[in-house]
Amino acid sequence: MPDQVTVRAHAKINLSLEVLGRRSDGYHELVSVMQLIDLADVLVLRRSTQLLIRSSDPSLEGPDNLAWKAAELLRADAGDSSGCSIRLSKRIPRAAGLGGGSSDAASTLSGLNRLWGTGASCRSLQRLALGLGSDVPFFLYGGTALIEGRGERVTRIVEPAPAWYALVNPRIDVSTAEVFAELREDEWTSGAETRAVARRIGTSERVAVGVNALQSPLFRLAPDARRCFERVRALAPGEVFISGSGPTIVCRCSSATEARKTEAGLAGSGYWTAVAKSCAVAGWRAPCG
Ligand code: C5P
């Protein structure tokens, strides 16, 4: 067994997201197409006698971190007392709709499964992942996937051609729970548009993306997010939409050059920006990939 495992934890964007309704457990029933992108955190997991987490962002150190919780959960599930030190280099902005914390948690599960030789199956990792958060199961697969239920039903889709995105985060603090709570019943839809994206995205047809039921609730809660969105939309030639519960704005671009040009148009704005490319599983073999 290795003494150290390094895992990349990639971000995601939601190419389409519809909410079908509210469930009896308080969560919402979703249909979404998620796409892994090459923006990634890096986690170095090392054997240790206890659990420890150090991060390039010190506010993320401690037992509230989802990666820490993932380690505790896997250890408890295996009836084990192994420890590990986690060194987390953070590149994905937090609370951004890009799934950074969820991806860190999924990568910790799969990385520790190797480091500790736990031997947990994809199915048990999925169960643990859902206990950590609705977005976590997707990151055990990566690539492009149709997401259903609360987030636990993940169906891989044939990889579409590589795509480029410019990402803009207006650095506004709104929690996922607040955005879901702001969603109105008249904003629930059938999921048909998202399913059509899932069916056609791997084909040679150009498919329009960017439906997001959570976009209007986010804008009602955070008018500054709408202002940033309008500014970005005036700059970007392709579709512009919010990822997940936001506030990150995604611009779909036809090339790396177009993505860099869109990003350059926001220089000096004070927003966090990045250029990202769609990717499959890069860097490590996803346990359910
Ligand atoms: O699952 P997770 O802890 O990431 O979800 C955060 C919050 O987002 C939940 O407490 C819930 O309010 C909301 N949510 C939801 N329906 C989902 C996923 C999240 O209502 N499918």
Side-chain angles (χ1 to χ4, degrees), residues 10-23 27-39 97-99 102-103 106 122-123 126 129-130 134-167 180 183 185-217 233 236-246 248-255 258-259 276-282 286-289:
H10 288 260
K12 59 85 181 163
I13 54 174
N14 298 79
L15 293 176
S16 190
L17 194 170
E18 288 179 77
V19 175
L20 309 188
R22 200 178 303 109
R23 301 157 42 128
Y27 284 89
H28 289 79
E29 192 71 13
L30 308 178
V31 181
S32 183
V33 172
M34 282 198 197
Q35 173 65 59
L36 204 72
I37 54 173
D38 61 357
L39 173 70
L98 297 173
S102 302
S103 186
C122 158
R123 210 189 161 105
Q126 267 180 293
L130 189 66
S134 308
D135 281 353
V136 184
F138 163 71
F139 291 103
L140 296 174
Y141 294 78
T144 315
L146 177 70
I147 308 299
E148 294 167 288
R150 203 190 113 190
E152 75 281 14
R153 295 213 303 278
V154 183
T155 311
R156 286 292 300 271
I157 301 172
V158 178
E159 292 286 317
W164 290 89
Y165 303 95
L167 306 178
F180 271 104
L183 183 76
E185 288 191 20
D186 64 1
E187 289 166 324
W188 297 350
T189 48
S190 69
E193 284 195 72
T194 302
R195 289 182 199 288
V197 170
R199 271 196 309 275
R200 286 158 52 202
I201 196 151
T203 68
S204 53
E205 263 178 276
R206 183 176 160 88
V207 187
V209 297
V211 167
N212 185 350
L214 300 177
Q215 186 164 306
S216 295
R233 199 158 57 174
E239 293 121 313
V240 177
F241 50 96
I242 294 286
S243 179
S245 59
T248 301
I249 298 157
V250 180
C251 316
R252 182 153 76 147
C253 300
S254 58
S255 64
E258 191 180 291
K277 191 180 179 209
S278 59
C279 71
V281 225
C288 304

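A quick note: this is a predicted structure, and the numbers were derived from the prediction, not measured.
The two atoms that bring Ala259 and Trp164 nearest to each other are CB-CB, 4.3 Å, heavy atoms only. Across Cys253 and Ala166, no two heavy atoms sit closer than the pair SG-N, 4.0 Å. Considering every non-hydrogen atom in both Phe139 and Ala106, the closest pair reads CB-CB, 3.4 Å. Across all non-hydrogen atoms, the minimal contact from Pro217 to Ala213 is CD-O, 3.2 Å.
Counting heavy atoms from C-beta outward, Leu39 and Tyr165 have side chains that stay 4.5 Å or more apart. Within the 4.5 Å cutoff, no side-chain heavy atoms of Val240 are placed close to those of Val250. In this structure, the side chains of Leu36 and Phe138 come closer than 4.5 Å at one or more pairs of heavy atoms. When side chains are defined from C-beta on, Val154 does not count as touching Met34, because their heavy atoms never get closer than 4.5 Å. A 4.5 Å side-chain heavy-atom check between Asn14 and Phe241 finds every atom pair outside the cut-off. Residues Ile37 and Leu167 meet the side-chain proximity criterion, which asks for heavy atoms closer than 4.5 Å. Using a 4.5 Å cut-off on side-chain heavy atoms (C-beta onward), Pro160 and Gln35 make contact. Counting heavy atoms from C-beta on, the side chains of Leu130 and Arg150 come closer than 4.5 Å.
Judged purely by atom type and a 3.5 angstrom limit, Asn212 uses its side chain to pair as donor or acceptor with the backbone of Ile242. Under a 3.5 Å cut-off, the side chain of Arg195 and the backbone N or O of Val31 do not form any donor-acceptor pair. Looking at Asp38, its side chain does come within 3.5 Å of a backbone N or O of Lys277 through a donor-acceptor pair.
Atom NZ of Lys12 and atom SG of Cys279 lie 14.0 Å apart (nearest 0.5 Å). Here the straight-line distance linking atom OG of Ser216 with atom CD of Glu187 works out to 5.5 Å at 0.5 Å rounding. Of the inter-residue distances, the one linking Ser278 atom OG with His10 atom NE2 reads 11.5 Å to the nearest 0.5 angstrom. Rounded to the nearest 0.5 angstrom, Leu146 CG and Ser32 OG are separated by 8.0 Å. Taking OG of Ser245 as the start and CG of Asp135 as the end, the distance is 8.0 Å to the nearest 0.5 Å. Atom CD1 in Ile13 sits 13.0 Å away from atom CD1 in Ile249 (nearest 0.5 Å).
With sequence neighbours left out, Ser254 forms a side-chain hydrogen bond (donor to acceptor under 3.5 Å, both in side chains) with Glu258. A search for side-chain hydrogen bond (donor to acceptor under 3.5 Å, both in side chains) contacts involving Thr194 returns Ser16, Glu18, not counting sequence neighbours. Here Glu205 pairs with Arg200 under the side-chain hydrogen bond (donor to acceptor under 3.5 Å, both in side chains) rule; sequence neighbours left out. Residues that satisfy the salt bridge (Lys or Arg N to Asp or Glu O under 4.0 Å) test with Glu29, not counting sequence neighbours, are Arg23. Take Arg233 and apply the side-chain hydrogen bond (donor to acceptor under 3.5 Å, both in side chains) test, not counting sequence neighbours, and it matches Glu230. In this structure Arg206 satisfies the salt bridge (Lys or Arg N to Asp or Glu O under 4.0 Å) test together with Glu239, sequence neighbours excluded.
Classified by interplanar angle (parallel below 30°, tilted 30° to 60°, perpendicular above 60°), the ring pair His28/Trp188 is perpendicular.
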Let's go through Phe180 and Leu30 carefully: what are the C-alpha distance in whole Å and the side-chain angles of both, what is the deciding distance for side-chain contact (heavy atoms from CB on, under 4.5 Å) to 0.1 Å, and is it a yes or a no?
CA-CA 11 Å; Phe180 271 104; Leu30 308 178; 3.9 Å; yes

Residue pair Val209, Val33: steps toward the side-chain contact (heavy atoms from CB on, under 4.5 Å) verdict
CA-CA 9 Å; Val209 297; Val33 172; over 6 Å; no

